A.B. asks: 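Can you read through this structure? Questions will come right after.
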There are 2 protein chains.
Amino acid sequence: MQVKIKDVAKHAGVSVTTVSRVLNGEKYVKDDLKSRVNRAIEELGYAPSQIARSLVRKKTNLIGVIVPDLTSSFYSTILSSIEEMASANDYNLLVCNISEDIDKELKYLNVFQEMRVEGIIIMHEKINEPIRNFIHKIKIPVIFSSVKPMDQKFVSVIIDDYQASYEATKYLIELGHETIGFIGGDMRDITSGQNRYSGYRNAMTDAGTKLVFEHIRFGDYKVKSGYDQMKELLSVEHPPTAVFAVSDDMAVGAMNCIRDHNLRVPEDISVMGFDGSQLTELVRPTLTSMEQPIQQMGKVTMDVLLKQIAGETISMSDVVLEHRLVARESCRNRNEATRM
Amino acid sequence: MQVKIKDVAKHAGVSVTTVSRVLNGEKYVKDDLKSRVNRAIEELGYAPSQIARSLVRKKTNLIGVIVPDLTSSFYSTILSSIEEMASANDYNLLVCNISEDIDKELKYLNVFQEMRVEGIIIMHEKINEPIRNFIHKIKIPVIFSSVKPMDQKFVSVIIDDYQASYEATKYLIELGHETIGFIGGDMRDITSGQNRYSGYRNAMTDAGTKLVFEHIRFGDYKVKSGYDQMKELLSVEHPPTAVFAVSDDMAVGAMNCIRDHNLRVPEDISVMGFDGSQLTELVRPTLTSMEQPIQQMGKVTMDVLLKQIAGETISMSDVVLEHRLVARESCRNRNEATRM
DNA sequence: CTGAAAGCGCTTACAG
DNA sequence: CTGAAAGCGCTTACAG
């Protein structure tokens, strides 16, 4: 049996009320009693039950987080930054890794509700009807991090994906590339699918560069799909001289595919990534990438969520963070490249 | 105000006992009442409070996990596998990312206790005195995953690090390498520090290969330290022709360093990693690695922990899983290599 | 098959 | 400054 407050009270010869008071650091307890209580706590190895405390206080200090893929460097970095902020504010994280499994998500959302988490963070945008209904119904604050699903009720902490993608493409154009392949995301995703595609498309047409149907492909953000889609890009009659993949993972997959076909990055083909994950510095050549402020994204997400929990009436607008193109080795000027 | 069981009872015109019964799927409730209750639950959007339920059942379905570094591919993969098993068994994960911060760990361990988690998983072996005392004192099952701290009270799910390291080294020796550099871990770590070093050392001396002091270095398992230590190895008069790093991350760092010095892997220097993380297939050349069964490690950890929670008297012995050397491109026969 | 009552381990007015 | 009592939202004997 766990020792409980009653045992401590008995041991110290005081009432449970008094024990509770020293537990919660209230003043108005004589030093004499306070030290007796503390000694009893020490001697009995007492640890108050958060469960019981939560019940009466109606406060759990719990936050539920739904991660699409824990093993992804991008998400685990956001999560780690969320965790840091949470911990600093005495919140604990209940984490759920749904790997494309929508049923699991719904189940977890229910668990979150039953656990009376004070806030929910969601990091993907594949929101189906039951989930949409659910998050609209509950009165727990919900916030989206790194994505913005088609839904105006919730705050999203994101970058301007359209603009970022536009600039990334423009960068390649300015490097002299006239054929730029695109490895996009899931077009059902607004943020990372549609917006990034639009940015690419408009940058191309604005520059008077023609869009080549065979140069436009879509993956699932993971390394393997980058590899597979690149393979397709290499198999067309006139492969592009540069490729823009909307995730670093896919960009790395593309780079590997290019190398496995005995071509060189960036001499033969330039590769541009997106996200700014650890991978960028880890591969060779290092990967030029349109970077999201990943750490900050996690931090700001928790910041805003904590405010929502505190009941501050948040203006329902999104938080849009700065993106930044970090040039590394994987992209090269087309003319220099051909000269080599 | 949250709707509670009393509201449902009133709405359905039954007692809370009856509502509780249908909630918990007990038989002995007339279909008539059952459907009235279910309708009331539906209409009111009622979700039972796990907090209250936990209090009376003395069961939280919570497991606390302490991860050294969420952004590491190795740990996040174990965590993801733990999460999967937990979820399948209706357990939820409270995760704590301590980044070398021992104070944070102790704080979290306290939180875990107060939250009445049913089990605790720890994935590192830097156990200091206060933490040791703490985990020895609490009556919550504690299990170590991927490490075995110097302590006999707890079960560890591990591989035979000594043997794995011995075999990895032997593999390089059999490839004809006579000078094999070593990038080890923290020698305060029994499992991944001392045991892996011993395996290397003994494989070398058993083969009659002499240990070269300047060829033996120690990092912190991360990419950067692999890079830095490799730089040192390259600066000695006679650099080794092969390098064994005790983590894939360090091995990748070493590979990058070698390349940045205009040397080739594996033509000039072979590189062997350890862990079997996603990186192995992702870098070029692909990384030969002594692999741990990462997924299985997470799964088995949860398996054993669940048994301990169920009160099964576990024989206090560790679970030792199979390691496996996976040969890829980064290691080459010394003679072939020099011929090129 | 159904319900009234006690109790899970705390906190918090309320009274003194 | 201290304590008795009510209550947080459930479940579970117990009685019928």
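Note that these values count all heavy atoms, side chains included, but never hydrogens, waters or copies made by symmetry. Since the model is a prediction, treat every value here as computed from it, not as a measurement. So you know, we letter chains A, B, ... as the sequences are listed, proteins then strands, and number each from 1.
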A.B. asks: Please determine if a side-chain N or O atom of Lys59(B) lies less than 4.0 Å away from the OP1 or OP2 oxygen of dC8(C).
C.D. replies: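 No, Lys59(B) has no side-chain N/O under 4.0 Å of OP1/OP2 on dC8(C).
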A.B. asks: Report yes if at least one side-chain N or O of Arg57(A) is closer than 4.0 Å to OP1 or OP2 of dC10(C); otherwise report no.
C.D. replies: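 For dC10(C), OP1/OP2 do not have a side-chain N/O of Arg57(A) under 4.0 Å.
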A.B. asks: Could you give the CZ-to-P distance, from Arg53(B) to dC8(D), as a whole number of Å?
C.D. replies: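 So the two atoms are 18 Å apart, to the nearest Å.
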A.B. asks: Whole angstroms only, please: what is the NZ-P distance between Lys34(A) and dC1(D)?
C.D. replies: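 After rounding, the reported distance stands at 9 Å.
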A.B. asks: Any side-chain N or O of Ser15(A) below 4.0 angstrom from OP1/OP2 of dG3(D)?
C.D. replies: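 Yes, such a contact exists.
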A.B. asks: Which nucleotide wins on minimum distance to the side chain of Leu55(B), given the candidates dC8(C), dT2(D), dT12(D)?
C.D. replies: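 For the Leu55(B) side chain, the nearest candidate turns out to be dC8(C).
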A.B. asks: I need the CD-C1' distance between Gln50(A) and dC8(C), as an integer number of Å.
C.D. replies: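 Answer to the nearest Å: 16 Å.
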A.B. asks: Can you check the Asp7(B) CG to dC8(D) C1' distance for me, whole Å?
C.D. replies: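 Checked: the CG to C1' distance equals 13 Å.
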A.B. asks: Check this one for me: any side-chain N or O of Lys58(A) less than 4.0 Å away from OP1 or OP2 of dT11(C)?
C.D. replies: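 No, because none of the side-chain N or O atoms of Lys58(A) sits under 4.0 Å from OP1 or OP2 of dT11(C).
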A.B. asks: Distance check needed: dT2(D) P versus Arg21(A) CZ, whole Å only.
C.D. replies: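 It works out to 8 Å between those atoms.
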A.B. asks: So, is Ser20(A) close to the dT11(C) phosphate, meaning a side-chain N or O under 4.0 Å from OP1 or OP2?
C.D. replies: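 True: Ser20(A) side-chain N/O within range (under 4.0 Å) of dT11(C) OP1/OP2.
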A.B. asks: Between Ile51(B) and Ser54(A), which heavy-atom pair has the shortest distance, and what is it?
C.D. replies: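 Nearest heavy atoms, Ile51(B) then Ser54(A): CG2-CB, 3.9 Å.
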A.B. asks: Could you walk me through whether His136(A) and Phe154(A) pass ring-ring contact (aromatic ring centres under 6.0 Å, His included), step by step?
C.D. replies: CA-CA 9 Å; His136(A) 272 272; Phe154(A) 306 102; 5.2 Å; yes
A.B. asks: With the side chain of Thr17(B) defined as its heavy atoms from C-beta on, choose the nearest nucleotide among dG9(D), dT11(D), dG3(C).
C.D. replies: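 For the Thr17(B) side chain, the nearest candidate turns out to be dG3(C).
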A.B. asks: Salt bridge between Asp303(B) and Lys307(B), side-chain N to carboxylate O under 4.0 Å?
C.D. replies: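 No, this pair does not count.
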A.B. asks: Using both distances under 3.5 Å as the test, list the Watson-Crick or G-U wobble partner of dA13(D), or none.
C.D. replies: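 Check on dA13(D): unpaired, no WC or wobble geometry under 3.5 Å.
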A.B. asks: Could you tell me which nucleotide pairs with dA4(D) by Watson-Crick or G-U wobble geometry, both distances under 3.5 Å, or answer none if nothing does?
C.D. replies: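 Across any shown strand, dA4(D) pairs with none.
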A.B. asks: Atom CD1 of Ile5(A) and atom C1' of dG3(D): how far apart are they, to the nearest Å?
C.D. replies: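 So the two atoms are 13 Å apart, to the nearest Å.
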A.B. asks: The side chain of Lys30(A) is closest to which nucleotide in this list: dC1(C), dC1(D), dC10(C)?
C.D. replies: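 Taking heavy atoms from C-beta onward, the closest nucleotide is dC1(D).
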A.B. asks: Between Arg116(A) and dC10(D), is there a side-chain N or O to OP1/OP2 distance below 4.0 Å?
C.D. replies: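 So the side-chain polar atoms of Arg116(A) do come within 4.0 Å of the phosphate oxygens OP1 or OP2 of dC10(D), strictly under.
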A.B. asks: Check whether Lys107(A) reaches the backbone of Ser87(B) with its side chain - one donor and one acceptor, N or O, closer than 3.5 Å.
C.D. replies: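 Yes, because the side chain of Lys107(A) sits within donor-acceptor range (under 3.5 Å) of the backbone of Ser87(B).
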A.B. asks: Going by atom types only, do Thr71(B) and Asp69(B) share a side-chain donor-acceptor pair under 3.5 Å?
C.D. replies: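 Result is yes, a qualifying pair exists.
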A.B. asks: Across the strands shown, which category fits Ile51(A) at heavy-atom distances under 4.0 angstrom: base, sugar-phosphate, nothing?
C.D. replies: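 Touches nothing.
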A.B. asks: Give the nucleotide from the list dT11(D), dG9(C), dT2(C) with an atom nearest to the side chain of Leu33(B).
C.D. replies: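 Selected nucleotide: dT2(C).
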A.B. asks: Give a yes/no on whether any side-chain N or O of Thr18(B) is located under 4.0 angstrom from OP1 or OP2 of dG3(C).
C.D. replies: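 So the side-chain polar atoms of Thr18(B) do come within 4.0 Å of the phosphate oxygens OP1 or OP2 of dG3(C), strictly under.
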A.B. asks: For Lys10(A) and dG3(D), what is the distance between atoms NZ and P respectively, to the nearest whole Å?
C.D. replies: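 That distance rounds to 15 Å.
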A.B. asks: Between the side chains of Glu118(A) and Tyr91(A), is a donor N or O closer than 3.5 angstrom to an acceptor N or O?
C.D. replies: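 A pair is found: one side chain offers a donor N or O, the other an acceptor, under 3.5 Å apart.
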A.B. asks: Heavy atoms only, 4.0 Å cut-off, all strands: where does Lys6(A) land among base, sugar-phosphate and nothing?
C.D. replies: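 No contact at all - Lys6(A) keeps every heavy atom at 4.0 Å or more from the nucleic acid.
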A.B. asks: Write down the distance between CG (Asp31(B)) and C1' (dC1(C)), rounded to a whole number of angstrom.
C.D. replies: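 After rounding, the gap between these two atoms is 11 Å.
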A.B. asks: Answer yes or no: does a side-chain N or O of Tyr28(A) lie under 4.0 Å from OP1 or OP2 of dG3(D)?
C.D. replies: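 Checking dG3(D) against Tyr28(A), no side-chain N or O comes under 4.0 Å of OP1 or OP2.
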A.B. asks: Relative to the 5' end of DNA chain C, which residue comes earlier, Val16(B) or Leu23(A), by the nucleotide with the nearest heavy atom?
C.D. replies: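 Residue closer to the 5' terminus by nearest nucleotide: Val16(B).
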